> 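Below is the structure I would like to discuss, written out as structure tokens.
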Amino acid sequence: MIFKLGELFCGPGGLAWGAINARISDPSYRIVHCWATDYDRDTCDTYRHNICPDSPNSVICADIRTLDYERLAKIGSIDALAFGFPCNDFSIVGEHKGMDGVYGPLYSYGVKALKKFKPMWFLAENVGGLRNANDGRAFATILSELREAGYKLWPHLYKFEEYGVPQARHRIIIVGIRNDIDVEFKIPSPAPYAGIDNTCRTALANIPPDAPNNELTRQSEVVVRRLQYIKPGENAFTANLPEELKLKVSGAKISQIYKRLDPDKPAYTVTGSGGGGTHIYHWSEPRALTNRERARLQTFPDDYYFYGSKESVRKQIGMAVPCRGAKIIFEAILNSFAGIPYESVEPNINE
């Protein structure tokens, strides 16, 4: 069976890459792109180029709050829906506004799409902090509305470094299957990926010289000097810095400020940030990572081209879902529908 996928908040295509590249032992079960939408033009150009170059008009660049879903319906009917609704208000970094923020309520447009298009299944993604937003009420509300839309749910906090991704990235993924479909989903086990070398050293090795989006970043002299005192795995607050290189900050000291990677471990979480020492920094060279290196940590292929300025590309990569992590989950969904057993674990979220 071929599932036609629609996607809201599509980003640069991390989820989509995982979906269209998902393969199981029964080749008749696949996922193909149908349509997608996002509000950012560079992001949409990146998605078109890499996911659907032969059907660029299937990607609509528009604000979801004003988008008429009939525009999507005219492109084609869907069997599956994916939406990584914006996480800014649920992140553990920031103001924790949850449902009271600008981005928190945007999940409701995914619910609206489920009610309109009635896909057989969906995948929704957000940060781990979603569970605690508004004292847990936000997550409970979202799950309740997804169920009311007619779906059985399997929420789980995936730790992608356990699935071979070279990055400690923890995300809530909610898989839903329509109530009238007699299929049960199981959380794919990380056990088959335990032997994968997912260290930074391996992840960033042998990048082709012609790989796109690999321009070096420029560091000021003071940043170079500061990094020379920071050892792998240390940050600006744990390193033994001379007084003139210490940061003059009060209050919370964020652990990722001028933090250098440990080459023998997965990277810390890739974000869209870059200012004020929030770039990800190389373990041996006194510099921030290139966007291609950041894309490597997100498991994008080396030929994946990102449109826009360096700042725009950095944000796109930071907001994406790791390609290989997404592929694992989509393959579990395909196996579930095909009735093919696979190694699984119990959900780690108690509702």
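Nothing fancy with the numbering, it's 1 onward along the sequence. These numbers were taken from a predicted model, which means no experiment stands behind them.
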> I'd like a table of donor-acceptor pairs (distance under 3.5 Å, sequence neighbours excluded) in which one partner is a side-chain atom from residues 182-194, with atom names and distances.
residue: Glu184; atom: OE2; partner: Lys152; partner atom: NZ; Å: 3.4
residue: Ser189; atom: OG; partner: Ala191; partner atom: N; Å: 3.0

> Under the salt bridge (charged side-chain N to carboxylate O under 4.0 Å, His left out) definition, can you give me all pairs with a residue in residues 267-282, not counting sequence neighbours?
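Salt bridge (charged side-chain N to carboxylate O under 4.0 Å, His left out) check on residues 267-282 returns no pairs.
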> Quick one: do Ile317 and Ile207 end up in the same hydrophobic cluster if we chain Ile, Leu, Val, Met, Phe, Trp and Tyr together by side-chain heavy atoms under 4.5 Å apart?
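No.
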> Kindly write out the residues that satisfy ring-ring contact (aromatic ring centres under 6.0 Å, His included) with Phe3, not counting sequence neighbours, or none if the list is empty.
Trp121, Phe337
> With distance as the sole criterion, is a donor-acceptor pair present between the side chains of Thr278 and Tyr258 under 3.5 Å?
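No, no side-chain donor-acceptor contact under 3.5 Å.
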> How far apart are the closest heavy atoms of Tyr268 and Leu261, and which atoms are they?
CE2-CD2, 3.8 Å
> Which residues pass the side-chain hydrogen bond (donor to acceptor under 3.5 Å, both in side chains) test with Glu145, not counting sequence neighbours?
Tyr107
> Counting the benzene-type ring for Trp, do Phe117 and Trp35 have ring centres under 6.0 Å apart?
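Yes, they do, as the ring centres are separated by less than 6.0 Å.
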> Would you mind listing every salt bridge (charged side-chain N to carboxylate O under 4.0 Å, His left out) that reaches into residues 191-203, with sequence neighbours excluded?
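Found Arg201-Asp264.
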> Applying side-chain hydrogen bond (donor to acceptor under 3.5 Å, both in side chains) to Thr141 and Ser144, what does each step give before you reach the verdict?
CA-CA 5 Å; Thr141 297; Ser144 175; over 6 Å; no
> Is Asp42 salt-bridged to Lys315, cutoff N-O under 4.0 Å?
no
> Closest approach of Lys259 and Gly233, non-hydrogen atoms and distance?
CE-O, 3.7 Å
> Please check if the side chain of Asn198 supplies one atom and the backbone of Glu161 the other of a donor-acceptor pair under 3.5 Å.
yes
> Using only heavy-atom distances, determine whether the side chains of Thr217 and Gln219 contain a donor-acceptor pair under 3.5 Å.
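Their side chains do contain a donor-acceptor pair, which is all the 3.5 Å distance test asks for.
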> Are Glu221 and Arg226 close enough for a salt bridge, meaning some N to O gap below 4.0 Å?
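So Glu221 does not pair with Arg226 through a salt bridge.
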> Using the test side chain to side chain contact (heavy atoms under 4.5 Å, CB included), find all partners of Leu216 that sit at least two apart in sequence or belong to another chain.
Arg287, Thr290
> Could you work out, with ring-ring contact (aromatic ring centres under 6.0 Å, His included) as the rule, every residue matching Tyr151, not counting sequence neighbours?
Phe122
> For residues 19-34, which residue pairs qualify under salt bridge (charged side-chain N to carboxylate O under 4.0 Å, His left out), counting only residues two or more places apart or in two chains?
none
> I would like to know whether Ser55 and His33 meet side chain to side chain contact (heavy atoms under 4.5 Å, CB included); could you show each step before the answer?
CA-CA 10 Å; Ser55 55; His33 163 81; 4.1 Å; yes
> Check the hydrophobic clustering (I, L, V, M, F, W, Y; side-chain heavy atoms under 4.5 Å; chains of links allowed) and say if Val224 and Ile257 are grouped together.
no
> Check the pair Gln316, Thr46 against side-chain hydrogen bond (donor to acceptor under 3.5 Å, both in side chains), reporting the backbone distance first and the verdict last.
CA-CA 9 Å; Gln316 292 175 54; Thr46 297; 2.8 Å; yes
> Nearest 0.5 Å, please: how far is NZ in Lys4 from CE in Met120?
11.5 Å
> By the rule that ILVMFWY residues connect when side-chain heavy atoms come within less than 4.5 angstrom, directly or transitively, which residues belong alongside Ile2?
Val32
> Mind checking the SG-CD spacing from Cys34 to Glu7? Nearest 0.5 Å is all I need.
12.0 Å
> Could I get the full list of side chain to side chain contact (heavy atoms under 4.5 Å, CB included) partners for Arg314, not counting sequence neighbours?
His279, Asn291, Arg294, Glu311
> What residues, two or more places apart in sequence or in another chain, satisfy side chain to side chain contact (heavy atoms under 4.5 Å, CB included) together with Glu243?
Lys246
> Does the distance from a Lys or Arg side-chain N to an Asp or Glu carboxylate O, for Asp45 and Arg48, drop under 4.0 Å?
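Between Arg48 and Asp45 there is a salt bridge, with a charged N closer than 4.0 Å to a carboxylate O.
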> Give a yes-or-no answer on whether the side chains of Ser309 and Ser312 include a donor-acceptor pair shorter than 3.5 Å.
no
> Does any pair with a residue in residues 296-320 pass ring-ring contact (aromatic ring centres under 6.0 Å, His included), and if so which ones, sequence neighbours excluded?
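Those involving residues 296-320 are His49-Tyr305, His49-Tyr307, Phe300-Tyr304, Phe300-Phe306, Tyr304-Phe306, Tyr305-Tyr307.
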